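Encoded as structure tokens, the structure appears first; notes follow it.
Keep in mind it's a predicted model, so treat the numbers as computed, not measured. Reminder, nothing fancy here: chain letters follow the sequence lines and each chain counts from 1.
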Amino acid sequence: MHYELLKVAVLLSGGVDSSVVVHELVSMGCEPDCFYIKIGPEEEEEWDCTSEEDLEMATAVARRYGLTLQVIDCHKEYWEQVTRYTMEKVKAGFTPNPDVMCNRLIKFGAFHEKKGHEYDLIATGHYAQTEVDEEGRKWLVTSPDPVKDQTDFLAQIYDWQLKKAIFPIGHYQKDEVREIAEREHLINAKRKDSQGICFLGKINYNDYLRRYLGEKPGLVIDIETGKKVGMHKGLWFHTIGQRHGLGFGGGPWFAVKKNIKKNMLFVSHGYDPKTAYKQTFKVHDMHFLTMDPWAEMPEGKHDITFKIRHTAEHMHATIERVDEETYEIKAEKPIHGVAPGQFCVIYDSQHHRCYGSAEITV
RNA sequence: GGAAGUAUGGUGUAAUGGUAGCACAACAGAUUUUGGUUCUGUUUGUCGUGGUUCGAAUCCACGUACUUCUA
């Protein structure tokens, strides 16, 4: 691709990955504009030093390559859209994935409305690739680094967003990116990767929930014996497959099921209880990134691979359409902690192309 | 109202007169751009008051609390 002829915007976070993106683009003859998306915690006093440091790093990298850097404030959009999504899901008893929605709504959403629309391409530091087939369709493709692969976080973006997205470091492994950063003496070459919900900073997730939803105590029942084990402080503090957070002795206890109406949490006892696993489950609101790969033959089972969380392995499975809304996934092996509300990200059987994602239902 | 039993960290349990140990939880790190999972590490306790003893979680007395049985 002839980047030098195109207007490219880079989302610089202050981390190594997006900094190497800048380096890659520049060395291909491109002169991108850099943007730092600002989204701190809600209260000013909760700003931690890492977000200040992020901006400093981003500024330094842009300057190093003689590029402009603009700060785009998406604070309001984040708290209105991503937080609202998170709270609505969690209140209804689901386990949301804020970072997936952040990519759709903020990095490729709110930013696009504010600035991105002026550009031909938007580059980010995601570990993901794209490829174009004979028909000219653009597909999202996994990274060669299975641990770092971030296609799962991109599996809810719209087709027009994917068309504009480029991932200049997507063909590298993490250590290659680090090497480039060190070789180029980038200021943040050795900086630790960020983790946790991208924009929460140091706020604890449970405190975040408590602030919006408070507490709502209810019963905790042993699903095997039907006996009361104790009380929980609110169903939203627990997710399916979770072990910690209950505070009871005599465990370990794993959360396996929720009854929203009765505000009850069911738990299973033991180190690796069967009831914490599911091999078959349903998903809905299927979102295809490029197209429905089974449009030609909607009936029957199709071999796929999938992930229900950010892990290195893809699970083999078959997928079958149950009705307009719903698909059923039959995994090759039982999966621990299949939590409704999480996205099941669907790949081809070689886990090469990412087809899209759907929300796991109850 | 009687009788018996029990009382050990936040929880569940070991230690029959000799260094209070284990599990779970909690906390902290590691891993992970979601929730989680997993791994490593750390903290916390003998119901109260007396007594016996070189030495008491352990034996004795009283108190307190709980449990069961019985009128």
Side-chain angles (χ1 to χ4, degrees), chain A residues 11 13-18 37 39 50-51 54 78 82-83 85-87 89-107 124-128 143 145-156 167 169 174 177 191-201 203-209 220 222 228-232 234-256 258 267-273 276-278 307-313 334-345 357 359-360:
Chain A
L11 298 184
S13 69
V16 214
D17 299 332
S18 55
I37 296 181
I39 305 177
T50 63
S51 41
D54 282 337
Y78 185 86
V82 179
T83 298
Y85 150 82
T86 304
M87 294 307 153
K89 282 293 171 190
V90 125
K91 206 169 165 185
F94 297 103
T95 306
N97 189 329
D99 285 357
V100 165
M101 287 320 241
C102 178
N103 280 316
R104 172 198 274 203
L105 299 171
I106 306 299
K107 288 181 194 159
T124 69
H126 285 104
Y127 285 82
S143 156
D145 188 330
V147 176
K148 278 299 175 180
D149 175 64
Q150 286 167 325
T151 49
D152 47 335
F153 290 104
L154 294 165
Q156 277 282 314
F167 311 111
I169 60 154
K174 180 76 197 193
V177 170
R191 217 170 161 224
K192 190 171 161 18
D193 288 359
S194 67
Q195 51 187 241
I197 297 177
C198 19
F199 294 108
L200 277 192
I203 305 181
N204 178 285
Y205 183 67
N206 282 341
D207 293 342
Y208 176 58
L209 295 179
V220 179
D222 181 341
K228 175 185 164 181
V229 185
M231 301 291 287
H232 68 256
L235 282 182
W236 38 79
F237 298 118
H238 304 96
T239 185
I240 304 306
Q242 186 173 7
R243 168 172 171 173
H244 297 92
L246 267 335
F248 312 140
W253 300 97
F254 288 87
V256 295
K258 291 179 180 182
V267 295
S268 191
H269 184 258
Y271 281 92
D272 205 15
Y277 286 82
K278 263 193 181 177
K307 288 195 208 179
I308 60 159
R309 58 169 62 85
H310 185 67
T311 50
E313 312 97 303
I335 318 276
H336 189 267
V338 180
Q342 290 278 283
F343 293 106
C344 177
V345 185
S357 57
E359 192 187 283
I360 298 168

Nearest nucleotide by nearest heavy atom, which residue falls closer to the 5' end of RNA chain B, A/Phe237 or A/Gln150? A/Gln150
Nearest-nucleotide comparison on RNA chain B, the residue closer to the 5′ end among A/Asn206 and A/His310: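 Per heavy-atom nearest nucleotide, the more 5' residue is A/His310.
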Rounded [atom1] spacing from [N] to [M] in Å:
{"N": "B/U46", "M": "B/A56", "atom1": "C1'", "answer": "10 Å"}
{"N": "B/U52", "M": "B/A15", "atom1": "P", "answer": "28 Å"}
{"N": "B/U64", "M": "B/C22", "atom1": "C1'", "answer": "29 Å"}
{"N": "B/C62", "M": "B/U58", "atom1": "P", "answer": "16 Å"}
{"N": "B/A30", "M": "B/U49", "atom1": "P", "answer": "43 Å"}

Select base, sugar-phosphate, or nothing to describe what [X] touches, counting heavy atoms under 4.0 Å on all strands.
{"X": "A/Val147", "result": "sugar-phosphate"}
{"X": "A/Gly15", "result": "nothing"}
{"X": "A/Ile308", "result": "base"}
{"X": "A/Gly241", "result": "sugar-phosphate"}

Looking only at side-chain atoms of [X], point me to the closest of [options].
{"X": "A/Phe254", "options": "B/U38, B/U33, B/G36", "answer": "B/U38"}
{"X": "A/Arg243", "options": "B/A30, B/U33, B/U38", "answer": "B/U38"}
{"X": "A/Lys192", "options": "B/U34, B/G36, B/U31", "answer": "B/U31"}
{"X": "A/Ala339", "options": "B/U34, B/G35, B/A25", "answer": "B/G35"}
{"X": "A/Thr239", "options": "B/A25, B/U34, B/G36", "answer": "B/G36"}

Under 4.0 Å from OP1 or OP2 of [N]: is there any side-chain N or O of [X] that close?
{"X": "A/His336", "N": "B/U37", "result": "no"}
{"X": "A/His244", "N": "B/U37", "result": "yes"}
{"X": "A/Tyr271", "N": "B/A23", "result": "no"}

Identified side-chain contact (heavy atoms from CB on, under 4.5 Å) counterpart of A/Asn103 within the set A/Thr124, A/Val82, A/Leu154: A/Leu154
Base of B/U34 paired with side chain of A/Gln342 (donor-acceptor, under 3.5 Å): yes
So, A/Asp149 and A/Thr151: side-chain donor and acceptor under 3.5 Å apart, yes or no? yes
Please report whether the ring centroid of A/Phe237 lies less than 6.0 Å from that of A/His232.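 No, they do not, as the ring centres are separated by 6.0 Å or more.
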